[in-house]
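All of these numbers come straight from a predicted model, not from anything done at the bench. Along the sequence shown, the residues carry numbers beginning at 1.
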Amino acid sequence: MDQRVSLITLGVVDLARARAFYEELGWRTKAEPDDDVVFFQTGGLIVALWDREKLAEDSGVEDGGGGWGGVTLAYNVGSPEAVDAVLAEAGAVGATIARPGAETFWGGYSGVFIDPDGHPWEVAHNPHWTLHDDGSVTLTAA
């Protein structure tokens, strides 16, 4: 198995609400309004939104409710100011700000917003990684 991830699917309670939230953040999809799954191309990775009960059944797991299942997504940006701007944008379209932007123990700057279905997103500036123009990140050799 190659060391990569191709798709992340977020289980959501209300697909139309979840789609509207991400579209209000500026994400674009080619999904039709009545599609059962909404796909967003995000650089070299796809993020999908799908009914959480159907996702749990398809994945062979029990749905414990809530959005946090031991996973936090991350969105890296080029500066601490960009972290604060993204958090403000997410808050303006309905996200809960769980942790405002602040300096971190690892020498960066980050904050967290939670989408309407309870999925946490860390917004981070990591000066130890390389952030490329296409939004991809590369670990810097120690």
N/O donor-acceptor pair under 3.5 Å between [X] side chain and [Y] backbone:
X      : Y     : answer
Arg19  : Ala31 : yes
His125 : Gly78 : yes
Ser59  : Leu55 : yes

Just how far is it from atom [atom1] of [X] to atom [atom2] of [Y], taken to the nearest 0.5 Å?
X     : Y      : atom1 : atom2 : value
Leu73 : Trp121 : CG    : CH2   : 4.5 Å
Phe21 : Asp14  : CZ    : CG    : 13.5 Å
Asp36 : Asp51  : CG    : CG    : 8.5 Å
Thr29 : Leu49  : OG1   : CG    : 8.5 Å

Using side-chain contact (heavy atoms from CB on, under 4.5 Å) as the criterion, list what pairs up with Ile46, not counting sequence neighbours. Leu7, Phe39, Gln41
According to a 4.5 Å side-chain heavy-atom criterion applied to Ile, Leu, Val, Met, Phe, Trp and Tyr, with indirect links allowed, do [X] and [Y] form part of one hydrophobic cluster?
X     : Y     : value
Tyr75 : Val47 : yes
Leu15 : Trp50 : no
Val12 : Trp27 : yes

Take atom CD of Glu57 as the centre, draw a 6.0 Å sphere, and report whether it contains more than 12 heavy atoms from other residues, nucleotides or ligands. no
Would you say CD of Glu23 has more than 12 non-hydrogen atoms from neighbouring residues, nucleotides or ligands within 6.0 angstrom? yes
Enumerate, atom names and distances included, each donor-acceptor pair closer than 3.5 Å involving a side-chain atom of residues 94-116, sequence neighbours excluded.
{"unit_1": "Arg99", "atom_1": "NH1", "unit_2": "Ser110", "atom_2": "O", "d": "3.0"}
{"unit_1": "Arg99", "atom_1": "NH1", "unit_2": "Ser110", "atom_2": "OG", "d": "3.1"}
{"unit_1": "Arg99", "atom_1": "NH2", "unit_2": "Ser110", "atom_2": "OG", "d": "3.3"}
{"unit_1": "Thr104", "atom_1": "OG1", "unit_2": "Trp106", "atom_2": "N", "d": "3.4"}
{"unit_1": "Thr104", "atom_1": "OG1", "unit_2": "Gly107", "atom_2": "N", "d": "3.4"}
{"unit_1": "Thr104", "atom_1": "OG1", "unit_2": "Gly108", "atom_2": "N", "d": "2.9"}
{"unit_1": "Thr104", "atom_1": "OG1", "unit_2": "Gly108", "atom_2": "O", "d": "3.3"}
{"unit_1": "Tyr109", "atom_1": "OH", "unit_2": "Asp84", "atom_2": "OD1", "d": "2.9"}
{"unit_1": "Tyr109", "atom_1": "OH", "unit_2": "Asp84", "atom_2": "OD2", "d": "3.0"}
{"unit_1": "Tyr109", "atom_1": "OH", "unit_2": "Gly101", "atom_2": "O", "d": "3.2"}
{"unit_1": "Ser110", "atom_1": "OG", "unit_2": "Glu122", "atom_2": "OE2", "d": "3.1"}
{"unit_1": "Asp115", "atom_1": "OD1", "unit_2": "Asp117", "atom_2": "N", "d": "2.8"}
{"unit_1": "Asp115", "atom_1": "OD1", "unit_2": "Gly118", "atom_2": "N", "d": "3.0"}
{"unit_1": "Asp115", "atom_1": "OD1", "unit_2": "His119", "atom_2": "N", "d": "2.9"}
{"unit_1": "Asp115", "atom_1": "OD2", "unit_2": "Tyr22", "atom_2": "OH", "d": "2.6"}

Closest heavy-atom contact between [X] and [Y]?
X     : Y     : value
Val77 : Val86 : CG1-CG2, 4.2 Å
Leu25 : Val93 : CD2-CG2, 3.6 Å
Glu89 : Glu24 : OE2-O, 4.4 Å

Any heavy-atom pair between the side chains of Ile8 and Thr42 that's under 4.5 Å? no
Side chain to side chain contact (heavy atoms under 4.5 Å, CB included) between Val137 and Asn126, intermediate numbers included: CA-CA 10 Å; Val137 293; Asn126 187 333; over 6 Å; no
